[in-house]
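In what follows, a structure is listed as C-alpha cells, so that the remarks can point back to it.
Predicted, not measured: the structure shown is a model, and the values here were computed from it.
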Amino acid sequence: MAETKKLTGKERRELAVEKQAEAMMSDQKYARLRTPAARVALVVTMAAIIVATPLAWVFGGSLIGLGFVLLSFLVWGALRVSVRVIADLPDTVLDERQVALRNAVYLDAYRWFAGLVLLAATAGLIAMVILGNDFSDVTVTITWEAGMAAFWFVEMCALALPSMVLALRDRELPRLPVE
C-alpha cells in the first residue's frame, strides 16, 4: 500500500501559486485588456489615479480620498491581469524570457520609484526653505489627510510601478505557454 506524503504549508502554497499561474497564463477571458492599446490606457489611467489620489485626500477629505484608493486597486487589478501577473510571480512558474523581463522591469520600476520619492522629498525641502526662516527649530505638523495622501502615493507607486513598466515594456501580446 503506497503512502501519500502529507504536504507542508509551504508546499501547498507553492502548488496553489503554480495552479493559479497556469490558469492566468492560459486565460483568454480578459484578452481585451492585453492589447497594446489597452495596456497603455491602463498605465495612463493608473498614473492619473496615483497623481489624483493625494489631491483627493488633501482637497476632498477622507471619504473622497478613500474612494480614489478603492478605484486605484480596481485599476491596478486590471493592470495586473493585462500583464498576466508576471511582475508578481516567482521564478519557478515563469520561463527564462519572462524571468529576464520581470527582473529588468523591477530594476526600471525601482529607478522610477526612487526618482519619485526623491522628487517628493526635494519638493518638501524646497517648501521648508521657502516657508521657513529658522532651521534650528523646525516643527512639521501633518494633518490626517496629508499623511494619508503621502502614504497612499508611496504605496500605490510601490505596488503598481512594476506592472506599469511591464505593460509598457512588453507591448506584444503575451505568448501562451506551449503544452
Would Phe113 and Val154 count as a side-chain contact (heavy atoms from CB on, under 4.5 Å) here? Give the steps.
CA-CA 8 Å; Phe113 183 72; Val154 171; 3.8 Å; yes
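- Taking CE from Met156 and CE from Met164, the interatomic distance works out to 10.0 Å, rounded to the nearest 0.5 Å.
- No continuous path of ILVMFWY side-chain contacts below 4.5 Å connects Val51 to Val117, so the two sit in separate hydrophobic clusters.
- Applying the side-chain contact (heavy atoms from CB on, under 4.5 Å) test between Ile49 and each of Leu71, Val44, Leu74 identifies Leu71 as the sole match.
- A single hydrophobic cluster is seen to contain both Met148 and Val69, as judged by linkage of ILVMFWY side chains at heavy-atom distances under 4.5 Å, directly or through other members.
- Between Asp91 and Arg102 there is a salt bridge, since a side-chain N of the basic residue sits under 4.0 Å from a carboxylate O of the acidic one.
- Between Thr53 atom OG1 and Phe153 atom CZ the span is 10.0 Å, to the nearest 0.5 Å.
- For the atom pair CG (Leu116) and CZ (Arg111), the distance works out to 14.5 Å, reported to the nearest 0.5 Å.
- Within the 4.5 Å cutoff, no side-chain heavy atoms of Tyr106 are placed close to those of Val165.
- One finds the CZ atom of Phe68 at 15.0 Å from the CZ atom of Phe73 (value rounded to the nearest 0.5 Å).
- Here the closest non-hydrogen pair linking Ala87 and Pro162 is CB-CB, 4.0 Å.
- Across Asp88 and Ser163, no two heavy atoms sit closer than the pair OD2-OG, 4.5 Å.
- The local environment of CZ in Phe59 is sparse, with at most 12 non-hydrogen atoms from other residues, nucleotides or ligands closer than 6.0 Å.
- Under the 4.5 Å side-chain heavy-atom criterion for grouping Ile, Leu, Val, Met, Phe, Trp and Tyr, Tyr30 is connected to Val40 within one hydrophobic cluster.
- For Met46 against Val75, the heavy-atom pair with the smallest separation is SD-CG1, 3.8 Å.
- The hydrophobic cluster containing Val99 also contains Ile86, counting ILVMFWY residues as joined when their side-chain heavy atoms lie under 4.5 angstrom apart, directly or transitively.
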Evaluate the criterion side-chain contact (heavy atoms from CB on, under 4.5 Å) for residue pair Cys157 and Ile50; output intermediate values, then yes/no.
CA-CA 7 Å; Cys157 285; Ile50 288 172; 3.7 Å; yes
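- With a 4.5 Å cut-off on side-chain heavy atoms, Val85 and Val81 do not count as touching.
- Distance check: Asp108 CG to Leu161 CG gives 10.5 Å after rounding to the nearest 0.5 Å.
- Arg39 and Arg34 get closest at one heavy-atom pair: NE-O, 3.7 Å.
- The shortest heavy-atom contact between Ile142 and Gly147 is CG2-N, 3.4 Å.
- Annotation: the span from Asn103 atom CG to Leu107 atom CG amounts to 9.5 Å, rounded to 0.5 Å.
- Nearest heavy atoms, Leu79 versus Ala167: CD1-CB, 3.9 Å.
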Go through the steps to decide whether Trp57 and Ser62 satisfy the test side-chain contact (heavy atoms from CB on, under 4.5 Å), and finish with yes or no. CA-CA 6 Å; Trp57 275 98; Ser62 295; 3.6 Å; yes
